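It should be emphasised that the depicted structure is a prediction, and the values quoted were computed from it without experimental measurement. Side-chain atoms are counted along with the backbone in the values below, which use heavy atoms only and exclude waters and symmetry mates.
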Amino acid sequence: MRRTGSYERRGKPRRVQDRSEQRRQLAELAAKQAEEIVAARARLATDGTTRLSALGELDPVAFALFLRLLGDALATWRPGTTTTAATSNDGTMEIRLTALDDGTKAEIGTPGGVFRGPDHTIEITDLTQGIPAWEAR
């Protein structure tokens, strides 16, 4: 390479691999994941304010989304705060969380167990409503 300034492989060039099957599988997987996320957003969206304990059982995808939303809301929580609001990192969901002082506990069932904590009033809004599904991903 030092003498000529270029490098050429000797012999026949490599055959181009057909990756159309892998691309098709990846496209199917991406479409399935997008559908699951849309369904999880629809499952979590509340019609107005409700109690955290009223969310009921959540599937793994909805629960993972819920935990991310709850984490975003709690990250904005400051001492003395009773209400907070946050938007998800991807901008698709908004959560409003208000602490209750009645000492009630919330339980949310999942296939992996039960999530427990102090009950709050909660409002979750799907900010992608009215946006075509292919744009909301």
Side-chain angles (χ1 to χ4, degrees):
M1 191 163 139
R2 286 186 181 177
R3 282 187 245 162
T4 63
S6 65
Y7 173 76
E8 289 186 31
R9 213 176 248 268
R10 293 180 186 226
K12 294 189 317 185
R14 290 186 177 190
R15 290 183 47 192
V16 176
Q17 287 185 332
D18 182 13
R19 299 192 189 271
S20 58
E21 180 62 24
Q22 289 93 343
R23 283 191 194 109
R24 184 192 61 75
Q25 289 175 346
L26 285 174
E28 286 177 5
L29 179 63
K32 180 183 174 202
Q33 288 175 344
E35 289 172 11
E36 288 174 346
I37 291 170
V38 168
R41 281 197 306 252
R43 167 64 179 92
L44 287 176
T46 60
D47 288 330
T49 304
T50 189
R51 290 190 139 205
L52 190 58
S53 55
L55 284 180
E57 187 158 331
L58 298 176
D59 64 81
V61 176
F63 186 63
L65 179 59
F66 168 73
L67 286 180
R68 285 194 299 271
L69 282 170
L70 187 61
D72 291 341
L74 293 176
T76 64
W77 203 272
R78 301 289 176 250
T81 304
T82 58
T83 300
T84 189
T87 304
S88 62
N89 289 335
D90 62 0
T92 60
M93 303 286 288
E94 181 181 53
I95 183 171
R96 294 179 191 280
L97 193 65
T98 303
L100 297 173
D101 55 2
D102 60 3
T104 56
K105 300 289 182 193
E107 290 189 356
I108 299 172
T110 71
V114 178
F115 177 81
R116 293 180 179 91
D119 206 1
H120 290 71
T121 58
I122 190 168
E123 182 178 0
I124 300 174
T125 307
D126 184 356
L127 300 176
T128 65
Q129 287 182 335
I131 298 174
W134 59 270
E135 281 186 27
R137 293 183 196 160

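- Between Leu44 and Ile95 the shortest side-chain heavy-atom distance does not fall below 4.5 Å.
- Counting only heavy atoms from C-beta outward, the side chains of Arg41 and Val38 approach each other to under 4.5 Å.
- A donor-acceptor pair under 3.5 Å links the side-chain atoms of Asp119 to the main chain of Ser53, judged by distance alone.
- Here the options are Leu97, Thr98, Leu74, the test is side-chain contact (heavy atoms from CB on, under 4.5 Å), and the partner is Thr84; only Leu97 passes.
- The pair Lys32-Glu28 does not count as a salt bridge, with every side-chain nitrogen at least 4.0 angstrom from each carboxylate oxygen.
- In this structure, CD in Glu94 is found 10.0 Å from CG in Leu69, a value given to the nearest 0.5 Å.
- Considering every non-hydrogen atom in both Thr81 and Arg78, the closest pair reads OG1-O, 2.7 Å.
- No path of Ile, Leu, Val, Met, Phe, Trp and Tyr side chains, each step under 4.5 Å between heavy atoms, connects Trp77 with Leu100, placing them in separate hydrophobic clusters.
- Not a single side chain to side chain donor-acceptor pair (under 3.5 Å) links Thr82 to another residue, sequence neighbours left out.
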Would you tabulate the side-chain donor-acceptor contacts of residues 110-118 under 3.5 Å, counting partners in other chains and residues two or more places apart, or write 'none'?
| residue | atom | partner | partner atom | Å |
| --- | --- | --- | --- | --- |
| Thr110 | OG1 | Gly112 | N | 3.2 |
| Thr110 | OG1 | Gly113 | N | 3.1 |
| Thr110 | OG1 | Gly113 | O | 2.9 |
| Arg116 | NE | Glu107 | OE2 | 3.0 |

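- Judged by distance alone, with hydrogens and angles left aside, the side-chain atoms of Thr46 form a donor-acceptor pair with the main-chain N or O of Ile124 at under 3.5 Å.
- With rounding to the nearest 0.5 angstrom, the OG1 atom of Thr83 is 9.5 Å from the NE2 atom of His120.
- A distance of 5.0 Å separates CG of Leu52 from CD1 of Ile122, quoted to the nearest 0.5 Å.
- The two atoms that bring Thr76 and Ala86 nearest to each other are CG2-CB, 4.4 Å, heavy atoms only.
- What you find for Gly91 and Leu127 is that their closest heavy atoms are O-CD1, 3.6 Å.
- Distance check: Asp90 CG to Ile37 CD1 gives 8.0 Å after rounding to the nearest 0.5 Å.
- Residue Arg14 qualifies as open at atom CZ: its count of foreign heavy atoms under 6.0 Å is 12 or below.
- Considering CD of Glu21 and CZ of Arg19, their distance stands at 13.0 Å, rounded to 0.5 Å.
- Rounding to the nearest 0.5 Å gives a distance of 12.0 Å between CD of Glu36 and CG of Leu65.
- Scanning for side chain to side chain donor-acceptor pair (under 3.5 Å) contacts around Thr125 gives an empty result, with sequence neighbours left out.
- Heavy atoms of other residues, nucleotides or ligands lying less than 6.0 angstrom from CZ of Arg43 number more than 12.
- Looking at Ser88, its side chain does come within 3.5 Å of a backbone N or O of Met93 through a donor-acceptor pair.
- Contact of the Asp72 side chain with the Thr87 side chain is not registered, since no non-hydrogen atoms from C-beta on lie closer than 4.5 Å.
- For the pair Ile108 and Gly56, the tightest heavy-atom approach, listed with the atom from each and the gap, is CG2-O, 3.3 Å.
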